[in-house]
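Residues: numbered from 1 along the sequence shown.
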Amino acid sequence: MNAPDKTATAANMVTIVPESEIGGLMDAASAFDAVEATFAAMARGDAYNFPVIREAIGHADALYGFKSGFDKAALALGLKSGGYWPGNEARGLTNHQSTVILFDADTGRVKALVGGNLLTALRTAAASAVSIAHLSRKDSKVLGMVGAGHQSAFQMRAACAQRDFDKVVGWNYHPEMLSRLEDTAKELGLPFEAVEREDLCAQADVIITITSSHDAQLMADWVKPGTHVACMGTDTKGKQEVDPALLARASVFTDEVAQSVTLGEAQHAVAQGLIKEADITPIGAVIEGTAKGRTSDDQVTLFDGTGVGLQDLAVAAKVVDLALKAGKAQQVPF
Ligand code: NAD
């Protein structure tokens, strides 16, 4: 005879951390640690991402999907679900909407419900910051920003915690948005200069691209030797931020090779036969010390940050801990 199922009667408390609490709990440094540990766990084979689902739902012009995974080392199991609702701005809401659900890895019972909007910005910025920490030259002085949308400010703040930059140069397809970069640089106590793209490449030691572009914005021969480029905008098939020839010239690293070659920046270079999947190194292997990162001051390094579900789980688990410690978590029986 089967044992009785106690699911309906055994107490299960679900922790809720609403979007409005995340800003007061989570910071860039905590996100950096969580994402770095996740990339390392992925490289050790302790953590893996499940296939991403992303669909146009045929309502409200929305793109909906979910990213999911399991980190055996951290016992983080769950998913981030949400997407892009272009009509939200007119309603006073953010177009990108997401929520993270964490499950108990031992029982499958739901553990936590966490607002995912700010966490997405923090974990994406943390990924490029991890790449800068492990791949850029230590004497990098000028940060180049391509893109001035919502994510760009988070990217700049996280990057500036990794290197002693003394200047930010920026370019954006929509120049009227450049004030965001200027304001963020000011907040960080750094001078900002709006420049043309070739000049940006000539000045910058580290370049972050964070746009929704579908064409190459930077050409391979503009980038000077020794530069680290973090391509963070391309997270979907068809998007593109840099000349595929730049990936052939650079040493290429990524969060997740399978995503890099299909929906990341490397999709174009691979499709054109300029690089192969085997040429791309998971950044986790560099963190773990099982693969080489930068080997010379002249080398161009490029990080293809595609965004993985495990990053979301890592920062959500961290914020649940912080919320419980700070007494900011709501706990409801479920
Ligand atoms: P946003 O809508 O606030 O800003 C979009 C940016 O792209 C702006 O700088 C805009 O001027 C620029 N842009 C728009 N059309 C362009 C074009 N045709 N050519 C060049 N630039 C163009 O978006 P955001 O929230 O800042 O996100 C930026 C990008 O990052 C998006 O593509 C988003 O999907 C991607 N993203 C990636 C990850 C990841 O993990 N890799 C995570 C979140 C967002």
request  = Report the C-alpha separation of D297 and R137 in whole Å, then their side-chain angles, then the decisive distance to 0.1 Å, and conclude whether the salt bridge (charged side-chain N to carboxylate O under 4.0 Å, His left out) test is met.
outcome  = CA-CA 7 Å; D297 280 352; R137 289 189 346 260; 5.0 Å; no
With side chains defined as the heavy atoms from C-beta onward, is the minimum distance between [X] and [Y] less than 4.5 Å?
X	Y	value
H134	I287	yes
V270	L247	no
C160	L143	yes
F303	H228	yes
I283	S131	yes
T290	R44	no
P225	R249	yes
L324	Q331	yes

According to a 4.5 Å side-chain heavy-atom criterion applied to Ile, Leu, Val, Met, Phe, Trp and Tyr, with indirect links allowed, do [X] and [Y] form part of one hydrophobic cluster?
X	Y	value
L77	Y48	yes
V130	F253	yes
I132	L218	no
V206	L188	yes
L118	I101	no

Treating [X] as the side-chain partner and [Y] as the backbone partner, does any N or O pair qualify as donor plus acceptor under 3.5 Å?
X	Y	value
D71	A76	no
N117	S98	yes
D46	K72	no
R180	G149	yes
Q259	G307	yes
R294	Q299	yes
E19	G116	yes
S213	D215	yes

Just verifying a value: how many Å separate [X] [atom1] and [Y] [atom2], rounded to the nearest 0.5 Å?
X	Y	atom1	atom2	result
Y84	T236	OH	OG1	11.5 Å
C231	L302	SG	CG	4.0 Å
L310	F50	CG	CZ	8.0 Å
Q267	E265	CD	CD	7.5 Å
L181	F192	CG	CZ	4.5 Å
Q240	H214	CD	NE2	10.0 Å

Indicate the atoms forming the closest heavy-atom contact of [X] with [Y], along with that distance.
X	Y	value
D235	K239	OD1-NZ, 2.7 Å
I57	Y64	CG2-CB, 3.6 Å
L25	A326	CD2-CB, 4.0 Å
A316	V100	CB-CG1, 3.5 Å
P282	V257	CG-CG2, 4.1 Å
W171	L200	N-CD1, 3.7 Å

ask   = Is there a side-chain contact (heavy atoms from CB on, under 4.5 Å) between Q155 and M232 once you walk through the steps?
value = CA-CA 9 Å; Q155 291 286 334; M232 302 306 298; 3.9 Å; yes
Less than 3.5 Å apart, any donor N or O on the side chain of [X] or [Y] sitting next to an acceptor on the other?
X	Y	answer
D304	S260	yes
D27	S30	yes
K80	T120	yes
R163	S136	yes
T306	E256	no

request  = For the pair K224 and D205, evaluate salt bridge (charged side-chain N to carboxylate O under 4.0 Å, His left out) and give the outcome as yes or no after the intermediate values.
outcome  = CA-CA 8 Å; K224 65 179 183 181; D205 302 304; 3.2 Å; yes
task = Kindly indicate, with the supporting measurements, whether the criterion side-chain contact (heavy atoms from CB on, under 4.5 Å) is fulfilled by V319 and E21.
result = CA-CA 9 Å; V319 95; E21 294 289 353; over 6 Å; no
remark   = In V308, L313, V315, the residue satisfying side chain to side chain contact (heavy atoms under 4.5 Å, CB included) with Q311 is V308
Other residues, nucleotides and ligands only: do more than 12 of their heavy atoms fall within 6.0 Å of [atom1] on [X]?
X	atom1	value
E89	CD	no
E55	CD	no
K186	NZ	no

request  = Show your reasoning for whether side-chain contact (heavy atoms from CB on, under 4.5 Å) applies to N95 and W85.
outcome  = CA-CA 5 Å; N95 289 356; W85 274 258; 5.7 Å; no
task = Any chance you could lay out the side-chain contact (heavy atoms from CB on, under 4.5 Å) test for I22 and V114, step after step, and finish with the verdict?
result = CA-CA 9 Å; I22 309 282; V114 184; 3.8 Å; yes
